[in-house]
Amino acid sequence: MAHMPTIVLVGHGMVGQRFLEALAERGVTERARIVVLCEEPRPAYDRVRLTSYFDGRTPDDLSMVEDGFMARHGIELHLDDPAETVDREARTVTSRAGRVIAYDTLVLATGSYPFVPPVPGKDATGCFVYRTIEDLLAIEEYAKTARTGAVVGGGLLGLEAAGALKGLGLETHVVEFAPRLMPVQVDEGGGAALLRTIENMGLVVHTGTGTQEVLTEDGSVTGMALSDGTTVATDMVVFSAGVRPRDQLARDCGLAVGERGGIAVDELCRTSDPAVYAIGECAMAVDGRVYGLVAPGYEMALTAAATIAEEEEAKAFTGADMSTKLKLLGVDVASFGDAHGTADGCLDVVYSDSRSGIYKKLVVDPDGVLLGGVLVGDAESYGMLRPMTGTKPPVAPEQLVLPAGAGAPVSLGPQSLPDDAVICSCHNVTKGAICACSSLPEVKKCTKAGTGCGSCVKVIQQLLPKPADSGMCGCFTYTRSELYEIVRTMRFTSYAQLLDSHGREEARGGEGCEICKPAVASILASLTNEYILDGERAALQDTNDHFLANMQRNGSYSIVPRIPGGEITPEKLIVIGEVARDFGLYTKITGGQRIDLFGARVDQLPHIWTRLVDAGFESGHAYGKSLRTVKSCVGQTWCRYGVQDSVKMAIDLELRYRGLRAPHKLKSAVSGCARECAEAQSKDFGVIATANGWNLYVGGNGGATPRHADLLAQDLSDAELIRLIDRFLMFYIRTADRLERTAAWLERLEGGLDHLRDVVVHDKLGLCDELEALMAAHVASYHDEWAETLNDPERLRRFVSFVNAPDAPDPSVRFVPERGQIKPDLTILTLEPLEGASAR
């Protein structure tokens, strides 16, 4: 039997996982035993997006390992068991758990470790590094009892750490020894623009000074002493002052290392021992550099895998592109090529707007060849400029940095790039390879472009062929926004009218599909505001809308009465308690300052609504694609920090926009001061009080893909605020796609926030009067759907569990007790139907 060689990989980070994928792509996993020793308790995860954990992503969301990958390729992965020694003579690796693994080929992908300055107090309670998911979990836990945090290091990871601390509610300081932030990536002008923007966000930045000592009391952090003689009072310190290659394992077994660290490798990533390879941040390449970015690590992984697979055309690794594009604290920052202008005779082309926090610099040679650049505040052109590096752009350099309308080229798209231009630097994918694909999923699957940092996705989409049919579904060739305009202009009042007149030929006269029916129902509701369950409209609704309540997992329903602004009287609280008690409902206070009542049968809904409506409640529309809540803090009425009456404004907004049907659900909040207790910046439209009025934020989302809202206008009066929200909501309803939240809509909107501001603030398109009139019509025609149902015996007939046994309860809706309340009994798998009863 032929000997099956063993390949041992030490380290399972992003680069290690890419190496395994490269082996699998070359069929090496079928003819070799692959063993992986991983120090962390979890498989490889996306360290580039580490900070997104604080925006709602889970560790599982960050995983880089496709489900079943290890088993499918027979790879042995040992978690929480790092390599401790290497015996090169015996060719064995011994792990912490005592495993002794013989290898034919050893690959070191041990990465790097955070550099912690050797200052007194660095090991005190409250000191952390910012490198792994476990680090983040520890920071998150400790921050619960802290008020102030300080980050040592103003580079890429340092600013991400600062953003995390600010997001956790801490007053945040950043200490950077260099004279500017991000000194490696940006120049003096870019650092100044970045500093202004970050300070405007409320962070305190100390540049040109270092940490001399971490001050403590009883072993815990109380402050920091800086080299300029000042002190910073802080409860916790996060060190993010750079990284060092983890090369100790290599040193211990006698491999050659660089003078300043890093395992020395040749152009094929082989160490001084030809049986041992090193890739990623632990390796020092032939150009004498240790690369701290993931893209060079991926290139090294591919080189090593190709060499091990004995490919004749294995690409040598002699250096890498250090270009980066990031969004730090919401600020776009990018650098590429010779960003600092180190080449002899190079020239700078600079555009700077300190009011907007925008700084752009291009470095060109005397002949106009683009050598590199820095972009701060607006990195939209990064995807085009980076592939142009080393070439002479087709337009004058100044046109590449000027804003639209001030000399920028009208149409200079990625189509003008040569086929060998690298579009995705993370995976070294060219324009030609991308254009050989027909869709973004195909590009990602076949080339991996767009799966790294993601900065190239927009350019990739511009290169791909546009779909010939942009219709919403098989029934219509039109988009949702186009259907909205058709319904509004033609004054259609039914789905059938729209389908028969504007549907695809083969769909006319039919019943439509489950994609377009709810979408058209929403359009009709937003324009006519008629009762959604009358006539044809009842058949168009989503599941929850059918019964004006939210269906739960056991077939029961939940009821959410509207509580505007979260304000409620004791009498109304008592009514809710009595209803929950009398109907045996589970009660839960929601994150939107309402009370959810769970466990009602269909036949009980009208009886519960009767009690609630009689007490002054109405539907909270928790079941609809409409306004859910307008959350608020107590504002200046009670809070000593409040500067405006946030409760009154929240109530006014919720009562104005209640029942407004939209492409997706809408959430809002009003905070009475900049401390932001109502979390307004995570809402579709959020309002924050200032001493001079109100600031309006739009396009936020705290859901599956969190997004901070953008500031649309500031220091507004009550009337100005409401007028702008009217326009914003109606413009969104008019132009958004089906099931598109405001966050995704705003990011897709051509021109983004600037275009939105032109439309709803400056009335550039002359639509504002019409948008305001549409909202006024909605407000004037609002009706409570619960009360409308209760006042019509015919409408009440639908609220039964069984059509031919209206008085029979649904026997499948059962509960078991838990913590003094009820929960669904999910042990019931099948039930015999009631005799003579046919289920709905």
S.K.: Any side-chain to backbone donor/acceptor pair from S646 onto G635? Under 3.5 Å, distance only.
M.R.: yes

S.K.: Looking at residues at least two apart in the chain, or sitting in another chain, which of them share a salt bridge (Lys or Arg N to Asp or Glu O under 4.0 Å) with R757?
M.R.: D754

S.K.: Under 4.0 Å between a side-chain nitrogen and a carboxylate oxygen: does that hold for E770 and R488?
M.R.: yes

S.K.: Out of curiosity, K166 NZ to L170 CG, how far, rounded to the nearest 0.5 Å?
M.R.: 11.5 Å

S.K.: By side-chain hydrogen bond (donor to acceptor under 3.5 Å, both in side chains), which residues pair with K648, not counting sequence neighbours?
M.R.: D652

S.K.: With sequence neighbours left out, write down each residue that passes side-chain hydrogen bond (donor to acceptor under 3.5 Å, both in side chains) with E199, or none if nothing qualifies.
M.R.: none

S.K.: Do R748 side-chain atoms and W745 backbone N/O form a donor-acceptor pair below 3.5 Å?
M.R.: no

S.K.: Taking D784 for its side chain and E618 for its backbone only, find out whether a donor-acceptor pair lies under 3.5 Å.
M.R.: no

S.K.: Has the side chain of E772 got a donor or acceptor atom that lies under 3.5 Å from a matching backbone atom of A776?
M.R.: no

S.K.: Knowing that exactly one of T735, I523, L739 qualifies, which makes a side chain to side chain contact (heavy atoms under 4.5 Å, CB included) with R480?
M.R.: I523

S.K.: Distance from R658 atom CZ to S626 atom OG, nearest 0.5 Å?
M.R.: 12.5 Å

S.K.: Under 4.0 Å between a side-chain nitrogen and a carboxylate oxygen: does that hold for E654 and R562?
M.R.: yes

S.K.: For I133, does its backbone N or O pair with a side-chain atom of Y45 as donor and acceptor, under 3.5 Å?
M.R.: yes

S.K.: Taking 4.0 angstrom as the limit, do E482 and R738 come out as a salt bridge?
M.R.: no

S.K.: Hey, is the main chain of E140 close enough, under 3.5 Å, to the side chain of K144 for a donor-acceptor pair?
M.R.: no

